[in-house]
Number of protein chains: 2
Amino acid sequence: MSMDAVFRALADPTRRQLLDSLHIRNGQTLNALCAEMDMTRQAVTKHLAILKEANLVTTIRKGREKEHYLNPVPINEIADRWIGKFERGRLNALGDLKKRLERED
Amino acid sequence: MSMDAVFRALADPTRRQLLDSLHIRNGQTLNALCAEMDMTRQAVTKHLAILKEANLVTTIRKGREKEHYLNPVPINEIADRWIGKFERGRLNALGDLKKRLERED
DNA sequence: TTAATATGCAACCATTTGGTTGCATGTCAA
DNA sequence: TTGACATGCAACCAAATGGTTGCATATTAA
């Protein structure tokens with residue numbers, strides 16, 4: 001729910017890589033995800049916990065394995081609620097800056 | 001240029017607040033920006049340096065003051081290049097998860 | 001049943017982060 | 001010219017971060 005958790009989760013390149021990996025192949029087990037990462041399984045587990053906290057990943061226990069699923073909803077919420085705000089002001093902001101820079105010379 | 005710097009810059013709530021503040025009123029001086037923040041000027045300076053590194057903020061020296069301008073381009077680049085990817089897979093991913101969850105019961 | 005496999009958990013560690021204080025420098029105004 | 005004001009810079013600090021190792025537990029397969 002908290003946008004802060006999502007931003008924080010997306011800040012780390014390893015975690016974005018995990019999301020990418022799940023985007024390519026959804027439902028991977030912890031071991032499968034670890035195979036692509038250059039770190040210990042325990043480190044990957046911690047990253048996945050942070051992604052789960054941000055509600056970007058959901059897990060399902062399957063026997064002794066654990067499948068991981070991508071939930072893109074929080075990413076879209078950020079896009080809608082936060083990024084959209086700056087997108088609307090894009091051209092105006094650039095125009096203002098340009099004017100200022102020209103006046104500077 | 002580096003998307004990583006942008007993600008990292010956006011991860012901190014104080015920095016997002018600074019961007020919000022500049023979005024409301026562009027071209028604010030360091031002192032003006034500090035007035036809204038609950039920390040020392042030096043701390044704000046550090047945050048602004050990180051935003052500048054991510055190319056999210058540009059500055060212009062005006063005498064003894066420094067004006068800060070929002071540059072929304074990197075935010076839009078993230079939206080286009082990275083977020084868009086997950087947006088497209090949104091419905092499918094949710095569908096997959098639902099199927100899995102139903103099969104689980 | 002027993003061994004291998006998949007994951008969980010905790011302690012520990014180095015580095016980064018986000019903040020502070022103190023002082024230096026440059027510019028404007030009286 | 002001199003004092004006030006806006007910013008810059010460096011040292012320092014506590015806490016968070018990202019990683020490790022070691023061991024425990026649960027499930028599957030031989």
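This is a predicted model, so every value here is computed, not measured. Order of the sequence lines fixes the chain letters, A, B, ..., with proteins taken first and strands second; residue numbering starts at 1 for each chain.
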Colleague: To the nearest Å, how far apart are B:R8 CZ and C:dT17 C1'?
Modeller: 8 Å
Colleague: So, OP1 or OP2 of C:dG19: does either fall under 4.0 Å of a side-chain N or O from B:T40?
Modeller: no
Colleague: Check whether any side-chain N or O of B:E36 sits under 3.5 Å from a backbone N or O of B:S21 as a donor-acceptor pair, and report yes or no.
Modeller: no
Colleague: In this structure, how many angstroms lie between the P atom of D:dT27 and the NZ atom of A:K66, rounded?
Modeller: 13 Å
Colleague: Is any N or O donor-acceptor pair between the side chain of A:R64 and the base of C:dG8 shorter than 3.5 Å?
Modeller: no
Colleague: Check whether any side-chain N or O of A:N31 sits under 4.0 Å from OP1 or OP2 of C:dT5, and answer yes or no.
Modeller: no
Colleague: Rounded to the nearest angstrom, tell me the gap between atom CD1 in B:I60 and atom C1' in D:dA6.
Modeller: 17 Å
Colleague: Between atom CD1 in A:I50 and atom C1' in D:dG19, what is the gap in whole Å?
Modeller: 12 Å
Colleague: Roughly how many Å is it from CZ in B:R61 to P in D:dA6, rounded to a whole number?
Modeller: 12 Å
Colleague: Starting at the 5' end of DNA chain D, which residue's closest nucleotide do you reach first, B:Q42 or A:Q42?
Modeller: B:Q42
Colleague: Output, in order, the C-alpha distance, side-chain angles, deciding distance and verdict of side-chain contact (heavy atoms from CB on, under 4.5 Å) for B:L10 and A:L10.
Modeller: CA-CA 9 Å; B:L10 295 180; A:L10 294 181; over 6 Å; no
Colleague: Which is more 5' along DNA chain D, the nucleotide nearest A:M39 or the one nearest B:A32? Just name the residue.
Modeller: B:A32
Colleague: Between P on D:dT7 and CG on B:L33, what's the gap in Å once rounded to a whole number?
Modeller: 9 Å
Colleague: Given C:dT20, C:dG18, D:dC23, which nucleotide is nearest the side-chain atoms of A:R41?
Modeller: D:dC23
Colleague: Without decimals, in angstroms, what is the distance between B:K62 NZ and C:dG26 P?
Modeller: 21 Å
Colleague: Let me know which of A:T59, A:T58, A:T29 forms a side chain to side chain contact (heavy atoms under 4.5 Å, CB included) with A:H68.
Modeller: A:T59
Colleague: Verify, without hydrogens or angle tests, whether A:R15 (side chain) and A:R8 (backbone) share a donor-acceptor contact under 3.5 angstrom.
Modeller: yes
Colleague: From C:dG8, C:dG19, D:dG8, pick the nucleotide closest to the side chain of A:T45?
Modeller: C:dG8
Colleague: Tell me: CG of B:D12 to P of C:dT17, nearest whole Å?
Modeller: 11 Å
Colleague: For the pair A:H47 (side chain) and A:T14 (backbone), establish whether a donor and an acceptor sit closer than 3.5 Å, ignoring hydrogens and angles.
Modeller: no
Colleague: 5'-most contact on DNA chain C: A:K46 or B:R15, nearest heavy atom basis?
Modeller: A:K46
